[in-house]
Amino acid sequence: MTEDQIDLYARISHSRTADEVVQQIELLILEGILRDGDRLPGERELSKRFDVSRPILREALKELETRGLVESRHGGGTFVADVVGEVFSKPLIELIGRHHKATQDYLEYRRELEGLTAELAATRATDFDRDILTRIIERMRTAHSSGDFNDELTSDVELHQAIGESAHNIILMHTLRACYRLLTQGIFFHRNSVFDAPGARDRLLAQHEAIYDAIMAGDPKAAKAAAQSHIDFVAASTREAERTGEWARIARLRLQQRDQAG
């Protein structure tokens with residue numbers, strides 16, 4: 001660790017109880033610094049960095065596991081649990097996936113959420129946030145130029161998540177993460193169907209760049225407008241993909257019927 005780096009697991013400065021260790025790790029998860037799947041340092045290292053005894057640390061980790069925030073893997077260490085996945089229950093996710101109306105409601109909800117998030121990010125983003133956003137947009141441009149669809153899709157979600165973090169609102173950040181989880185799981189629609197439309201990839205990159213530019217310029221009004229315009233495009237593209245897909249299904253059935261009748 002270099003001199004300018006901050007230790008996530010800083011020395012407990014008060015009574016060094018298990019409760020204080022729990023609180024410190026909880027805040028790291030709540031603030032989005034530790035994400036699901038992140039591995040905590042080993043017991044010996046962690047107790048040293050917190051400056052607490054190993055029995056106190058074990059008690060704290062046991063409490064965090066009871067709360068469903070971390071999980072121990074036999075022989076593998078302690079990891080942050082999938083807390084985001086619990087925002088929507090499995091039955092609700094399956095119910096949403098079976099009904100078309102949920103797709104448009106999801107995009108309508110995201111339109112308002114993304115607009116507010118980009119607006120806040122434009123006024124609250126720190127130099128560190130802007131550095132993260134710049135790295136992601138550069139990866140997105142590289143993926144776009146090379147035609148790497150998967151990396152471009154990954155960068156898409158990463159950019160939106162980083163904008164959510166730049167808004168510095170804990171509730172917004174975790175709500176957005178839950179929304180993107182459903183998106184990456186293909187609950188609402190396949191993102192490839194949006195990318196496959198003629199000229200869509202170029203337009204999507206330009207939209208992401210517009211959001212990025214507005215945040216970097218500290219222009220909340222432009223950031224909100226760019227974010228909402230982006231979701232409007234995604235919604236329209238989704239409707240068009242569904243419509244053309246339905247037309248293709250009907251035409252195929254007509255042809256099949258004519259062949260049988262002939």
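Any value given below was found using the heavy atoms of this structure, including those in side chains, with hydrogens, waters and symmetry copies removed. Computed from a predicted structure; not experimentally measured.
- Within the model, atoms CD1 of Ile56 and OG of Ser47 stand 10.0 Å from one another, a figure rounded to the nearest 0.5 Å.
- At a threshold of 4.5 Å between side-chain heavy atoms, the hydrophobic network of Ile, Leu, Val, Met, Phe, Trp and Tyr places Tyr212 and Val157 in two separate groups.
- Distance check, rounded to the nearest 0.5 Å: CD of Gln161 to SG of Cys179 gives 11.0 Å.
- Arg124 pairs by the side chain to side chain contact (heavy atoms under 4.5 Å, CB included) definition with Leu120, His168, Asn169, not counting sequence neighbours.
- Nearest heavy-atom pair, Leu107 versus Ala235, reported as atom, atom and distance to 0.1 Å: CD1-CA, 3.6 Å.
- In the hydrophobic clustering of ILVMFWY residues, with side-chain heavy atoms under 4.5 Å counting as a link, Val70 and Phe79 come out apart.
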Apply side chain to side chain contact (heavy atoms under 4.5 Å, CB included) to residues Tyr109 and Asp105 and explain how you reach the verdict. CA-CA 6 Å; Tyr109 176 61; Asp105 284 354; over 6 Å; no
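- Ion pairing between Arg73 and Glu71 holds under the 4.0 Å rule for side-chain N and carboxylate O.
- A donor-acceptor pair under 3.5 Å is formed between the side chain of Arg130 and the backbone N or O of Ala125.
- Of all heavy-atom pairs between Ala118 and Ile163, the closest is CA-CG2, 4.0 Å.
- Side-chain N or O atoms of Arg201 include one that pairs as donor or acceptor with a backbone N or O of His144 at under 3.5 Å.
- Take Ala225 and apply the side chain to side chain contact (heavy atoms under 4.5 Å, CB included) test, not counting sequence neighbours, and it matches no residue.
- A salt bridge links Glu209 with Arg141: at least one charged nitrogen is closer than 4.0 Å to a carboxylate oxygen.
- Salt bridge Arg35/Asp38: absent, no basic N to carboxylate O contact under 4.0 Å.
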Verdict with supporting geometry, Arg181 and Asp36, side chain to side chain contact (heavy atoms under 4.5 Å, CB included): CA-CA 12 Å; Arg181 175 69 61 84; Asp36 57 284; 3.5 Å; yes
Could you go through Glu112 and Gln228, starting from their C-alpha distance and side-chain angles, then the distance that decides it, and tell me whether this counts as side chain to side chain contact (heavy atoms under 4.5 Å, CB included)? CA-CA 7 Å; Glu112 299 309 311; Gln228 292 187 331; 3.7 Å; yes
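- Summarising the geometry, atom CG belonging to Asp127 is positioned 10.0 Å from atom OG1 belonging to Thr134; distances are rounded to the nearest 0.5 Å.
- A salt bridge does not link Glu114 with Lys224: every distance from a Lys NZ or Arg NE/NH1/NH2 to an Asp or Glu carboxylate oxygen is 4.0 Å or more.
- Taking OG from Ser155 and NE2 from His160, the interatomic distance works out to 11.0 Å, rounded to the nearest 0.5 Å.
- Across every non-hydrogen atom of Gly164 and Thr117, the tightest pair is CA-CG2, 3.4 Å.
- The backbone N or O of Lys48 lies less than 3.5 Å from no partner atom in the side chain of Asp51, so there is not a single donor-acceptor pair.
- Taking all atoms of both residues into account, the shortest heavy-atom contact from Val80 to Leu40 is CG2-CD1, 3.9 Å.
- The closest side-chain heavy-atom distance from Leu172 to Thr175 is not below 4.5 Å.
- The CG atom of Leu133 sits 11.0 Å away from atom CG of Asp213, with the distance rounded to the nearest 0.5 Å.
- Leu204 and Ile136 end up in different hydrophobic clusters when Ile, Leu, Val, Met, Phe, Trp and Tyr side chains are linked at under 4.5 Å.
- Transitive grouping of hydrophobic side chains (ILVMFWY, heavy atoms separated by less than 4.5 Å) keeps Ile137 and Leu176 in distinct clusters.
- Counting only distance, with no hydrogens or angles, the side chain of Asp129 and the backbone of Thr126 share a donor-acceptor pair below 3.5 Å.
- Annotation: Gln23, atom CD; neighbour count of heavy atoms from other residues, nucleotides and ligands within 6.0 Å does not exceed 12.
- Put simply, Ile211 and Ile132 are part of the same group of oily side chains (I, L, V, M, F, W, Y) that touch within less than 4.5 Å, one to the next.
- Atom CG of residue Leu205 and atom CD of residue Glu152 lie 6.5 Å apart, to the nearest 0.5 angstrom.
- Within 6.0 Å of the CZ atom in Arg203, the count of heavy atoms belonging to other residues, nucleotides or ligands does not exceed 12.
- A donor-acceptor distance shorter than 3.5 angstrom exists from the side chain of Arg39 to the backbone of Gly76, with no hydrogens or angles considered.
- Side-chain atoms of Ser229 and Gln207 form no donor-acceptor pair, as typed in the model, at a separation below 3.5 Å.
- One finds no salt bridge joining Arg58 and Glu63 here, because no Lys/Arg side-chain nitrogen approaches an Asp/Glu carboxylate oxygen to under 4.0 Å.
- Under 4.0 Å is where a charged nitrogen must lie from a carboxylate oxygen, and between Asp232 and Arg111 at least one such pair does.
- Heavy-atom minimum distance, Ala81 versus Gly68: CB-O, 3.3 Å.
- No side-chain donor-acceptor contact under 3.5 Å links Tyr180 to the backbone of Glu158.
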Stepwise, does the side chain to side chain contact (heavy atoms under 4.5 Å, CB included) test hold for Arg139 with Thr154? CA-CA 10 Å; Arg139 284 204 304 272; Thr154 299; over 6 Å; no
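- Ion pair Glu26/Arg67 flagged as a salt bridge, since at least one NZ, NE, NH1 or NH2 atom sits closer than 4.0 Å to an Asp/Glu carboxylate oxygen.
- Across all their heavy atoms, Glu43 and Leu57 have their closest contact at O-CD2, 3.3 Å.
- Atom CZ of Arg44 sits in a sparse spot, with 12 or fewer heavy atoms from other residues, nucleotides or ligands closer than 6.0 Å.
- At distances below 3.5 Å, not a single donor-acceptor pair connects side-chain atoms of His230 with backbone N or O atoms of Ala226.
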